[in-house]
Peer 1: 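If you scroll down you'll find the structure; I have some questions about it.
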Amino acid sequence: MMSFNNVPITQIVLKQYRYKLRAYYQVFTSLVVMQLLALLFSSGGIMTSGGGSYGVNAHLNTYTGDLIIIFTFLWGFINAITITTKAYREDDFLFVTNRQSQHLSNMLFLATASVIGGLTATLAGYLLRVIIYWTSDEATFAGMIDDPTTFIDPLISIVTVALYVVMFCAFGYLIGNIIQLHRLFMVIIPVLVVGGLLFDPPITLKIYAFFVGETNILLFLLKTVVTTVFLFACSFVPLRQKEVRP
């Protein structure tokens, strides 16, 4: 039998990665379900306003694909936590493995899933526009206010959403690995999150402004990539505390 020392870690990681792409199909099934639900909710409009004067009434429905993106973030976060559970960890030991290869293959899988999530979320947003256009009354349809002007605009949207998704995945992966150390963290972490919301202004608003408020694309890329790498690196610390299975 081949020992672990005789097998390059890159080969082990790639084998585990390819296995997870095939075996974790339910991750992508749940992505479709989440985005279809978000598409259904978004089709009714996210904001309604109206008014009238001199016998003329106006009613305005606003549609956006933001809910689809938010559901995709939630999907990435939940599935990143899920793959840290015992049932998923046991799958890795079908191969000659250690915690490092397990961690790296999980990172590759989550990064790939994030790209797919970013792509489908962006395309679902355009699908929503098509649905609204063909189901709206032409006489009252106000039009699209943020149509892409160049081919690069949808590409930027895909990359942006994918970076956000992989960052949420990294955060969920860190949370999941911390919880695996002790179940008490299932109580401590929500308490810390709620506590952060009690600050004035809430910490979440500061984080939102730090990322979403960034207008420079290069700085945005730097912020998201560095944060994602940092979160994945931090998640490796709890993994090292676990006993390596022979």
Side-chain angles (χ1 to χ4, degrees), residues 1-39 68-125 127 155 158-180 224-225 228-229 231-236 238-240 242-246:
M1 180 177 179
M2 186 179 295
S3 68
F4 180 80
N5 292 330
N6 294 330
V7 183
I9 189 171
T10 53
Q11 181 179 340
I12 298 170
V13 170
L14 289 176
K15 281 186 177 180
Q16 288 179 315
Y17 167 67
R18 288 193 292 265
Y19 167 78
K20 289 172 183 179
L21 286 178
R22 297 192 302 269
Y24 297 174
Y25 64 89
Q26 68 273 14
V27 170
F28 303 103
T29 302
S30 64
L31 172 64
V32 174
V33 173
M34 291 284 282
Q35 290 184 344
L36 285 177
L37 284 174
L39 188 64
I68 300 172
I69 295 174
I70 292 173
F71 271 46
T72 305
F73 293 165
L74 182 62
W75 162 83
F77 178 77
I78 293 174
N79 279 286
I81 294 177
T82 302
I83 68 171
T84 65
T85 57
K86 183 177 180 180
Y88 282 80
R89 293 200 315 271
E90 292 294 326
D91 288 341
D92 287 322
F93 297 109
L94 295 172
F95 307 89
V96 179
T97 185
N98 64 7
R99 295 299 179 188
Q100 183 180 4
S101 63
Q102 178 192 57
H103 178 65
L104 293 174
S105 62
N106 283 340
M107 286 175 54
L108 284 175
F109 174 77
L110 290 174
T112 302
S114 298
V115 172
I116 295 173
L119 173 63
T120 54
T122 303
L123 294 179
L127 176 60
L155 183 60
I158 293 171
V159 172
T160 301
V161 176
L163 286 172
Y164 276 127
V165 176
V166 75
M167 189 166 59
F168 273 87
C169 285
F171 181 56
Y173 191 65
L174 173 60
I175 296 298
N177 279 297
I178 291 175
I179 291 174
Q180 295 306 311
T224 52
V225 171
T228 299
V229 172
L231 291 172
F232 274 131
C234 289
S235 67
F236 191 67
L239 281 175
R240 294 182 63 181
K242 300 173 186 176
E243 180 182 358
V244 178
R245 179 168 173 170

Peer 1: In terms of ring plane angle, is the pair F232 and H103 parallel, tilted or perpendicular, where the classes change at 30° and 60°?
Peer 2: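 Taking H103 first and then F232, their aromatic rings stand perpendicular (interplane angle over 60°).
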Peer 1: Got a second to check how far T84's OG1 is from I175's CD1, nearest 0.5 Å?
Peer 2: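 One finds 10.0 Å between OG1 of T84 and CD1 of I175.
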Peer 1: Which pair of non-hydrogen atoms, one from L231 and one from A170, has the smallest distance, and what is that distance?
Peer 2: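 In this case the closest contact between L231 and A170 is CB-CB, 3.7 Å.
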Peer 1: Using side-chain heavy atoms (C-beta onward) and a distance below 4.5 Å, is L39 in contact with Q35?
Peer 2: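 No, side chains not in contact.
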Peer 1: Hey, does the side chain of W75 reach the backbone of F28 with a donor-acceptor pair shorter than 3.5 angstrom?
Peer 2: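 The answer is no, because no donor-acceptor pair under 3.5 Å joins these two groups.
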Peer 1: Between M34 and T72, is there a side-chain heavy-atom distance shorter than 4.5 Å?
Peer 2: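 Counting from C-beta outward, T72 and M34 never come under 4.5 Å.
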Peer 1: Would you give the length of the straight line joining atom NZ of K15 to atom OG of S101, rounded to the nearest 0.5 angstrom?
Peer 2: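 Between K15 NZ and S101 OG, I get 12.0 Å after rounding to 0.5 Å.
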Peer 1: I need the L123 CG to I68 CD1 distance, nearest 0.5 Å.
Peer 2: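 Going from CG on L123 over to CD1 on I68, the span is 10.0 Å.
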Peer 1: Work out which heavy atom in A23 is nearest to a heavy atom in Q26; give both atom names and the distance.
Peer 2: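 Shortest heavy-atom separation between A23 and Q26 comes out as O-OE1, 3.3 Å.
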Peer 1: Just to verify, what does F73 make a ring pair (Phe, Tyr, Trp, His ring centres under 6.0 Å) with, not counting sequence neighbours?
Peer 2: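 In terms of ring pair (Phe, Tyr, Trp, His ring centres under 6.0 Å), with neighbours along the sequence ignored, F73 is linked to Y164, F168.
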Peer 1: How long is the span from the CE atom in M167 to the CG atom in L163, to the nearest 0.5 Å?
Peer 2: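 CG of L163 is found 8.0 Å from CE of M167.
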Peer 1: Can you find a pair of side-chain heavy atoms, one from Q16 and one from F109, that are under 4.5 Å apart?
Peer 2: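 In short, these two side chains do not touch, never coming nearer than 4.5 Å.
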Peer 1: If the test is side chain to side chain contact (heavy atoms under 4.5 Å, CB included), which one of V166, I178, N79, I83 qualifies with Y173?
Peer 2: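 Going through V166, I178, N79, I83 one by one, the side chain to side chain contact (heavy atoms under 4.5 Å, CB included) with Y173 is satisfied by I83 alone.
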Peer 1: Could you tell me which non-hydrogen atom of G172 sits nearest to which non-hydrogen atom of A80, and how far apart they are?
Peer 2: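 Where G172 meets A80 most closely, the heavy atoms are C-CB, 3.9 Å.
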Peer 1: Verify the neighbour count for atom CZ of F77: are there more than 12 heavy atoms of other residues, nucleotides or ligands below 6.0 Å?
Peer 2: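 Check passes, neighbour count above 12.
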Peer 1: If I take atom CG from residue L74 and atom OG from residue S30, how far apart are they, to the nearest 0.5 angstrom?
Peer 2: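 Here the interatomic distance stands at 10.0 Å.
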Peer 1: Measure the OH-CG distance between Y17 and L110 for me, rounded to the nearest 0.5 Å.
Peer 2: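 Going from the OH atom of Y17 to the CG atom of L110 covers 10.5 Å.
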Peer 1: Contact between N106 and K20 at the side-chain level, heavy atoms closer than 4.5 Å - yes or no?
Peer 2: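 Heavy-atom side-chain distance check passes, below 4.5 Å.
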